[in-house]
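Data first, discussion second: the structure below is written as structure tokens.
Order of the sequence lines sets the chain letters (A, B, ...), proteins ahead of strands, with each chain counted from 1.
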Amino acid sequence: MSTSELSEQEVQRREALNRLRDLGIEPYPAALYPVDHYSSDIKENYEEGKKVVIAGRIMRKKIQGKASFGEILDSKGRIQVYFNRDEICPDEDKTLYNEVFKKLLDLGDFIGIEGELFKTQMGEITVRVHAFTMLSKSLKPLPLPKTDAEGNVHDAFTNPELRYRQRYADLVVNPHVKEIFIKRTKLFNAMREFFNAREYIEVETPILQPIAGGAAARPFKTHHNALDIPLYMRIANELYLKRLIVGGFEGVYEFSKNFRNEGMDRTHNPEFTAMEIYVAYKDYNWMMEFTEQLLEHTAQAVNGTTKATFGEHNIDFKAPYPRVTMRESILEFTGFDIEGKSEEHLRGWCESNGIEVDDTMGRGKLIDEIFGEKCEGNYIQPTFIIDYPKEMSPLCKEHREDSSLTERFELMVCGKEIANAYSELNDPIDQRERFEEQLKLAERGDDEASQFIDYDFLRALEYGMPPTSGLGIGIDRLVMFLTNNQSIQEVLFFPQMKPEKFGEKKVELNDNEKVIFDIISKEKSMALDELKERTGLSNKKWDKGIKALGKLGLTKVTKTDDALIVDLVE
RNA sequence: GAUCUGAUAGCUCAGUUGGUAGAGCAUCUCCCUUUUAAGGAGAGGGUCCUGGGUUCGAGCCCCAGUCAGAUCACCA
């Protein structure tokens, strides 16, 4: 990158970098820096005169002659530092203060500080700097939001595109963003604790799969060169985890990155995180209790309370949660009883109640449409919706009391599904028939139905799987609820975005610019009006062309008393 | 996929019937030894997202495109 493409401030910082080296100061030293305190330690355990060694970015510099204040940002927060010229430079040579600190140290640079604690007249805990060390020079100015005494943020770095594309900068200057991700990690930790305390074990299963099963979704397809076969990126980890239950593990769980080649919006990212857990000898009733205890535990661990705010809603993850069958729910919100109704009857009801349907939809799908359209949005507080129709749950055990239903529940919060669980189907013959049923739906045109049968999974079931209950939780959505974010992008470090275009700046002249340039390169210097005349270009084209040449540094326009002169820059 | 909104200095944003761009912070120069987003004085800094068009003249109007956000549709 040539310096002409850099902003003024970037050029200045590179000059400062060179000057530091001239002074014998390495801007990117190799040695470790012996940090022994964080900003938070200092504030929480203040002791007058205590010696500390800290490091971080300098985020504020207020120079007042021979004394200056600054602010160091480390991983735990900010702490004020005080630089005094005669303390840093006790001898005659004041270069370290006057030049290195005042001129060559830029906001965003990493420095190390040895000093001692004191309180200013304003009562602010401050580190009096005895010595400072350049640890890493920052060549690009960070956005610089400021917070005033009332907590109002000025010049906030808010542009979502810039924030998501440059998350590193977002994290440096927006502490509330960092907090979201700390909470995200707390959620993972809390779940792991909960599972590990029960001796369920964390496992890993393949992401590259010959058949992407366990959910109805469009997978990403890739190709393995050595095997010369297509492979799919996982859309769910269900079928692999159940194989492990077959293998004799009693409880297994996995935090899995899943990939779905579908639309993107504020609740869908192409890759997302799910947690799935399978426990042998349990059923979905047990799993409901387990789920509500888990969520109560995690909400408490993340926020210190079971209550959470999401937009206009106040929700409480305190167990237990109400349990409503799908039939009851539809009856409650529509007055329509789906019990024993035929596919035709259901389709007719949908059509007369403004729900879009088509011929590919089977009975289960129609019921799901009714629920999605009329009921789902009403469940703000955590609520279990139970007993789903058999057709839409091909991996779920038939209901013990009603063969048209399955032992399945979803947990709804703020009108959105965040968990899904079954008494897992372990009858291999039934499972094979359900897969075949899905295949028929797929042939009928239902693009959500699975198009492949995972015969290896059926073989595993034939060896025998104990009665098992499984649960899947959408981690990103749960983080959204626990941190009050309406957009999934806010809870992912690096949400998927269209790639930025780098280095595609044109250096070639376009036709208009060439015409002007050809003339001026022969004449070297001429009156602007005359040059314009000779090019024969329209006003617009002339204007664009001459401006472009000027910006490229090829020509220079000078104003004299009575004319404009164009010169060729050699 | 549809509709709407937006893109201007490092950051946040103004920009009047269309007349060659402004502010605050940041940067640079000078003064200042305890300041609390913001001490004082001065200066520099622009591909107005891209490409066309209308016009004597476009940041502004028109067309096409890029990227983003919101709403809707789709979506285990």
Side-chain angles (χ1 to χ4, degrees), chain A residues 5-13 15-16 60-71 80 82-87 97 103 106-108 118-124 126 128 139-165 169 173 214-218 235-236 238 258 260-268 272 274 356 365 368 372 388 392-396 408 410 416-420 447-448 472 474 477 486-487 489 495 497-501 504-506 510 538-544 547-548 550-552:
Chain A
E5 287 162 353
L6 296 172
S7 70
E8 184 190 30
Q9 293 189 46
E10 290 171 304
V11 172
Q12 285 162 357
R13 286 180 178 221
E15 287 165 2
R60 186 165 70 91
K61 251 174 88 184
K62 180 170 171 57
I63 295 169
Q64 305 192 143
K66 289 174 228 161
S68 304
F69 285 92
E71 205 165 47
Q80 179 164 273
Y82 173 77
F83 290 82
N84 184 297
R85 187 190 68 184
D86 297 326
E87 289 189 50
Y97 182 79
K103 296 193 177 159
D106 290 303
L107 297 185
F118 78 107
K119 280 187 183 175
T120 63
Q121 288 174 0
M122 300 298 290
E124 179 154 350
T126 304
R128 182 191 308 274
L139 294 181
K140 200 171 174 62
L142 285 160
L144 210 67
K146 293 199 184 66
T147 309
D148 67 20
E150 281 96 50
N152 302 312
V153 179
H154 302 261
D155 300 326
F157 182 48
T158 53
N159 182 320
E161 181 170 3
L162 289 174
R163 286 182 46 237
Y164 301 153
R165 288 195 195 279
V173 304
R218 278 164 56 197
I235 55 174
E238 170 150 4
N258 295 338
R260 297 189 181 178
N261 205 343
E262 292 170 348
M264 288 167 61
D265 58 34
R266 71 186 196 290
T267 57
H268 295 83
F272 65 99
E356 263 185 57
K365 183 76 183 160
D368 188 43
Y388 281 63
M392 51 183 295
S393 312
L395 299 163
C396 185
R408 171 180 182 180
E410 286 194 356
K416 296 259 164 39
E417 167 211 340
I418 63 165
N420 184 21
D447 56 9
E448 283 176 30
R477 262 184 206 175
Q486 307 286 326
S487 163
Q489 292 154 304
M497 301 191 88
K498 283 228 185 183
E500 245 178 303
K501 286 174 184 150
E504 287 194 7
K505 285 164 189 164
K506 281 177 282 181
N510 68 24
S538 72
N539 285 311
K540 178 82 171 189
K541 287 177 177 172
W542 158 256
D543 188 62
K544 287 265 180 194
K547 278 181 183 167
K551 288 201 171 116
L552 289 168

Nearest 0.5 Å, please: how far is [atom2] in [Y] from [atom1] in [X]?
X: A:Phe272; Y: A:Thr267; atom1: CZ; atom2: OG1; result: 11.0 Å
X: A:Tyr97; Y: A:Lys66; atom1: OH; atom2: NZ; result: 10.0 Å
X: A:Lys498; Y: A:Met264; atom1: NZ; atom2: CE; result: 10.0 Å
X: A:Gln9; Y: A:Leu107; atom1: CD; atom2: CG; result: 9.5 Å

Work out how far the [atom1] atom of [N] is from that of [M], and round it to whole angstrom.
N: B:C67; M: B:G51; atom1: C1'; result: 15 Å
N: B:G44; M: B:G1; atom1: C1'; result: 48 Å
N: B:G52; M: B:U71; atom1: P; result: 36 Å
N: B:C60; M: B:U54; atom1: P; result: 15 Å
N: B:C28; M: B:A64; atom1: C1'; result: 42 Å
N: B:C4; M: B:G18; atom1: C1'; result: 25 Å
N: B:U12; M: B:A7; atom1: P; result: 12 Å
N: B:C25; M: B:G42; atom1: P; result: 13 Å

Spacing between [X] atom [atom1] and [N] atom [atom2], to the nearest angstrom:
X: A:Arg163; N: B:U12; atom1: CZ; atom2: C1'; result: 14 Å
X: A:Leu6; N: B:C28; atom1: CG; atom2: P; result: 16 Å
X: A:Phe83; N: B:U35; atom1: CZ; atom2: C1'; result: 14 Å
X: A:Glu356; N: B:C75; atom1: CD; atom2: C1'; result: 14 Å
X: A:Leu162; N: B:A9; atom1: CG; atom2: P; result: 11 Å
X: A:Glu124; N: B:A37; atom1: CD; atom2: C1'; result: 13 Å
X: A:Lys61; N: B:U27; atom1: NZ; atom2: C1'; result: 11 Å
X: A:Asp148; N: B:U35; atom1: CG; atom2: P; result: 18 Å

Could you let me know what [N] is paired to, Watson-Crick or G-U wobble, both distances under 3.5 Å, or none if it's on its own?
N: B:U35; answer: none
N: B:U5; answer: B:A68
N: B:G19; answer: B:C56
N: B:C74; answer: none
N: B:G42; answer: B:C28

Q: Name the residue closer to the 5' end of RNA chain B, choosing between A:Glu8 and A:Pro499 according to the nucleotide with the nearest heavy atom.
A: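 Result of the comparison: A:Glu8.
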Q. 5'-most contact on RNA chain B: A:Gln489 or A:Glu410, nearest heavy atom basis?
A.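 The residue closer to the strand's 5' end, by nearest nucleotide, is A:Gln489.
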Show me the protein contacts with nucleotides 31-34 of chain B, counting only N or O atoms at under 3.5 Å.
| residue | atom | partner | partner atom | Å |
| --- | --- | --- | --- | --- |
| B:C32 | N3 | A:Ile63 | O | 3.3 |
| B:C32 | N3 | A:Gly65 | N | 3.3 |
| B:U33 | OP2 | A:Lys66 | N | 3.2 |
| B:U33 | O2 | A:Tyr82 | OH | 3.4 |
| B:U33 | O2 | A:Asn84 | ND2 | 3.1 |
| B:U34 | O2' | A:Gln121 | OE1 | 2.5 |
| B:U34 | O2' | A:Gln121 | NE2 | 3.2 |
| B:U34 | O2 | A:Gln121 | N | 3.2 |

Q.
Heavy atoms only, 4.0 Å cut-off, all strands: where does A:Met497 land among base, sugar-phosphate and nothing?
A.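 Counting heavy atoms under 4.0 Å across all strands, the contact made by A:Met497 is with sugar-phosphate only.
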Q | Sugar-phosphate only, base, or nothing, as touched by A:Gly214 at under 4.0 Å among non-hydrogen atoms | A | base
**Q.** Distance-only donor-acceptor test (3.5 Å): side chain A:Asp155, base B:G24
**A.**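 Side chain to base: pair present.
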Q | Under-3.5 Å donor-acceptor pair between A:His268 side chain and B:C75 base | A | yes
Check every atom of [options] against the side chain of [X] and return the nucleotide holding the closest atom.
X: A:Arg165; options: B:C67, B:G69, B:C74; answer: B:C67
X: A:Asn159; options: B:U12, B:A37, B:U35; answer: B:U12
X: A:Gln9; options: B:U36, B:A37, B:U27; answer: B:U27
X: A:Arg60; options: B:A26, B:A70, B:U35; answer: B:U35
X: A:Glu161; options: B:A68, B:A70, B:U35; answer: B:A68
X: A:His154; options: B:U36, B:U12, B:A37; answer: B:A37
X: A:Lys103; options: B:A37, B:G69, B:C30; answer: B:C30
X: A:Pro160; options: B:U35, B:A26, B:G69; answer: B:G69

Q: Measure the acute angle between the ring planes of A:Phe118 and A:Tyr82, then classify it against the limits of 30° and 60° as parallel, tilted or perpendicular.
A: perpendicular
Whether [X] side chain and [Y] backbone form a donor-acceptor pair below 3.5 Å:
X: A:Arg128; Y: A:Glu87; value: no
X: A:Glu238; Y: A:Ala215; value: no
X: A:Arg218; Y: A:Glu262; value: no

(Q) Give me the atom names and distance for the closest heavy-atom approach of A:Asn258 to A:Ala274. (A) ND2-CB, 3.6 Å
Q.
I want to check one thing: is the phosphate of B:U35, taken as OP1 and OP2, less than 4.0 Å away from some side-chain N or O of A:Lys62?
A.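 Answer no for this pair, as no side-chain N or O of A:Lys62 is under 4.0 Å from OP1 or OP2.
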Q. Around A:Glu356, counting heavy atoms of other residues, nucleotides and ligands shown, do more than 12 lie under 6.0 Å from its CD?
A.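 It does not: A:Glu356 CD has 12 such atoms or fewer within range.
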